[in-house]
Amino acid sequence: MENSVPAAESQKTLIDEFIRQIRVERGLSPNTQTTYGYQVAGYLKFLQAKGKTPIDAAREDVLAYLEARHANKLRLSTMFATAIVTRQFYRFLIERKLRSDDPTAGIRLPRLKTRERRVLSLQEAERLMTQPTGNRFHQIRNKAMMEMIYSAGLRVSELLNLKLDNLDLDKRLVRVLGKGDKERVVPFGHQTGEALYCYLGTRKKRFPGESGMVFLSSRGKRLTRGWFWWWLRRTGTLAGLRQVYPHQLRHTFATHLLLGGADLRAIQELLGHSNISTTEKYTHPDLEFLKRTCQRAHPRF
């Protein structure tokens with residue numbers, strides 16, 4: 001068994017191989033792969049400052065790294081992810097026969113508190129949907145994007161990566177490539193269809209012959225996640241809402257379907273979840289809905 005990892009240029013190779021393996025095994029999204037690579041690179045940099053490698057690092061070094069990260073006052077979820085990635089990295093090294101022992105074994109993971117995912121009420125969602133107005137290119141585009149992400153329950157990456165041939169305006173269907181390259185087909189409402197029809201007409205006039213992504217910047221470039229986060233938060237503020245974030249619209253999509261009587265299995269398919277337990281975390285029906293369900297279904301209620 002090798003007793004050291006070649007430093008410098010080979011560390012990047014090691015990280016790349018680690019990311020490649022977990023991508024194949026777990027089907028992680030590109031964004032998650034980037035995060036994992038960043039986490040491992042940070043750990044290797046920490047060890048390098050101590051004159052060590054992941055091969056000769058001891059349990060105390062791993063604990064010192066986690067403590068250093070904790071001292072930066074990271075969120076609990078980030079600390080949890082850091083510990084998980086470090087553990088998976090050592091399992092990768094063991095499989096590659098670069099180590100025979102796991103210095104992360106027995107290290108307790110930070111406990112995550114289960115917190116309810118806040119969703120927008122029907123009234124709040126309506127205020128948000130009607131906020132993008134105007135006849136300029138970016139205003140028409142933003143209206144279509146807002147309608148699509150809420151009407152189809154898309155992730156931000158799925159929305160920004162939509163291609164023209166993913167859309168069927170006549171049948172009001174969109175083909176989505178989700179996490180792990182899993183494909184699903186999702187219907188969308190007539191208001192979304194109208195917003196898309198208007199936008200695509202404007203897009204064709206502005207960028208004739210331009211194929212590729214559905215949603216483009218005013219200069220014909222791809223839109224970024226960072227821009228979308230900024231724009232959505234700003235739009236939420238204009239609508240009188242506080243701290244609106246992209247995934248909140250996905251939670252809202254799922255919960256509003258459930259409140260309207262949709263089957264949980266159908267919502268699972270629409271969201272593209274492999275496990276229904278994941279879907280359940282998105283749905284938090286209010287007490288009035290539960291009361292109406294009991295009145296309708298329970299013989300003694």
Side-chain angles (χ1 to χ4, degrees), residues 22-23 25-35 77 80-81 84 112 114-122 124-126 128-129 144-163 165-169 171-193 195-196 213-215 223 225 228-229 232-233 236 241 243-286 289-290 293:
I22 61 174
R23 181 180 67 238
E25 291 182 352
R26 301 184 56 194
L28 300 180
S29 70
N31 291 322
T32 304
Q33 293 172 39
T34 300
T35 300
S77 58
F80 184 86
I84 285 290
L112 289 176
T114 302
R115 72 187 167 118
E116 186 171 332
R117 303 171 187 267
R118 185 184 180 277
V119 300
L120 300 177
S121 67
L122 291 172
E124 289 174 330
E126 182 62 25
L128 189 64
M129 292 301 109
M145 293 181 74
M146 184 72 84
E147 289 285 349
M148 175 58 80
I149 196 170
Y150 171 62
S151 180
L154 303 185
R155 300 177 178 92
V156 179
S157 57
E158 294 171 347
L159 178 76
L160 299 184
N161 290 327
L162 282 182
K163 296 181 180 179
D165 58 8
N166 294 146
L167 293 175
D168 187 331
L169 288 182
K171 296 180 180 179
R172 295 211 306 268
L173 297 173
V174 57
R175 190 171 70 253
V176 182
L177 191 64
K179 286 186 175 181
D181 292 334
K182 291 194 308 181
E183 190 176 276
R184 68 186 190 278
V185 177
V186 183
F188 52 83
H190 70 277
Q191 289 179 296
T192 303
L196 280 170
M213 300 301 164
V214 173
F215 298 109
L223 298 169
R225 291 169 56 89
F228 190 86
W229 270 82
L232 182 61
R233 177 161 291 191
L241 304 174
Q243 294 183 337
V244 178
Y245 53 93
H247 226 59
Q248 185 180 32
L249 297 182
R250 188 164 156 88
H251 309 330
T252 300
F253 164 81
T255 303
H256 287 180
L257 283 177
L258 187 69
L259 293 174
D263 179 75
L264 195 60
R265 290 287 180 184
I267 298 174
Q268 177 189 0
E269 290 295 323
L270 292 171
L271 292 174
H273 289 157
S274 300
N275 196 316
I276 192 129
S277 63
T278 306
T279 311
E280 291 169 344
K281 296 177 183 178
Y282 284 74
T283 55
H284 296 278
D286 59 24
F289 171 73
L290 293 175
T293 300

Could you tell me which non-hydrogen atom of [X] sits nearest to which non-hydrogen atom of [Y], and how far apart they are?
X	Y	answer
Gly236	Val244	CA-CG2, 4.0 Å
Arg250	Gly153	NH1-O, 2.6 Å
Gly178	Arg155	CA-NH1, 4.2 Å
Val186	Ala152	CG1-O, 3.6 Å

Test side-chain contact (heavy atoms from CB on, under 4.5 Å) applied to [X] - qualifying residues, sequence neighbours left out:
X	answer
Met146	Leu128, Met129, Pro132, Trp231, Leu232, Thr235, Leu249
Lys182	Ser274
Leu169	Phe188, Leu196, Tyr197, Leu200

Quick one: pull up [atom1] in [X] and [atom2] in [Y] and give me the separation to the nearest 0.5 Å.
X	Y	atom1	atom2	result
Arg265	Leu270	CZ	CG	13.5 Å
His190	Ser151	NE2	OG	10.0 Å
Met148	Phe215	CE	CZ	5.5 Å
Leu154	Phe253	CG	CZ	8.0 Å
Leu160	Met213	CG	CE	9.0 Å
Ile267	Thr255	CD1	OG1	8.0 Å

Under a 4.5 Å cut-off applied to non-hydrogen side-chain atoms, are [X] and [Y] in contact?
X	Y	result
Arg172	Thr192	no
Leu120	Leu241	yes
Tyr245	His251	yes
Asp168	Val185	no

- Message: Show every salt bridge (charged side-chain N to carboxylate O under 4.0 Å, His left out) that has at least one partner inside residues 184-193, sequence neighbours left out.
- Response: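 Applying salt bridge (charged side-chain N to carboxylate O under 4.0 Å, His left out) to every pair that reaches into residues 184-193, excluding sequence neighbours, yields Glu158-Arg184.
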- Task: Can you sort out the partners of Asn166 under side-chain hydrogen bond (donor to acceptor under 3.5 Å, both in side chains), two or more places apart, ordered by chain and number?
- Result: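 Partners of Asn166 by the side-chain hydrogen bond (donor to acceptor under 3.5 Å, both in side chains) criterion come out as none, since no residue qualifies.
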- Does Arg175 have any salt bridge (charged side-chain N to carboxylate O under 4.0 Å, His left out) partners at least two apart in sequence or in another chain, and if so, which?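 If we apply the salt bridge (charged side-chain N to carboxylate O under 4.0 Å, His left out) test to Arg175, skipping adjacent residues, the hits are Glu183.
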- Message: Test of understanding: with salt bridge (charged side-chain N to carboxylate O under 4.0 Å, His left out), list the residues that count as partners of Glu124, not counting sequence neighbours.
- Response: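 For Glu124, the residues satisfying salt bridge (charged side-chain N to carboxylate O under 4.0 Å, His left out) (neighbours in sequence not counted) are Arg118.
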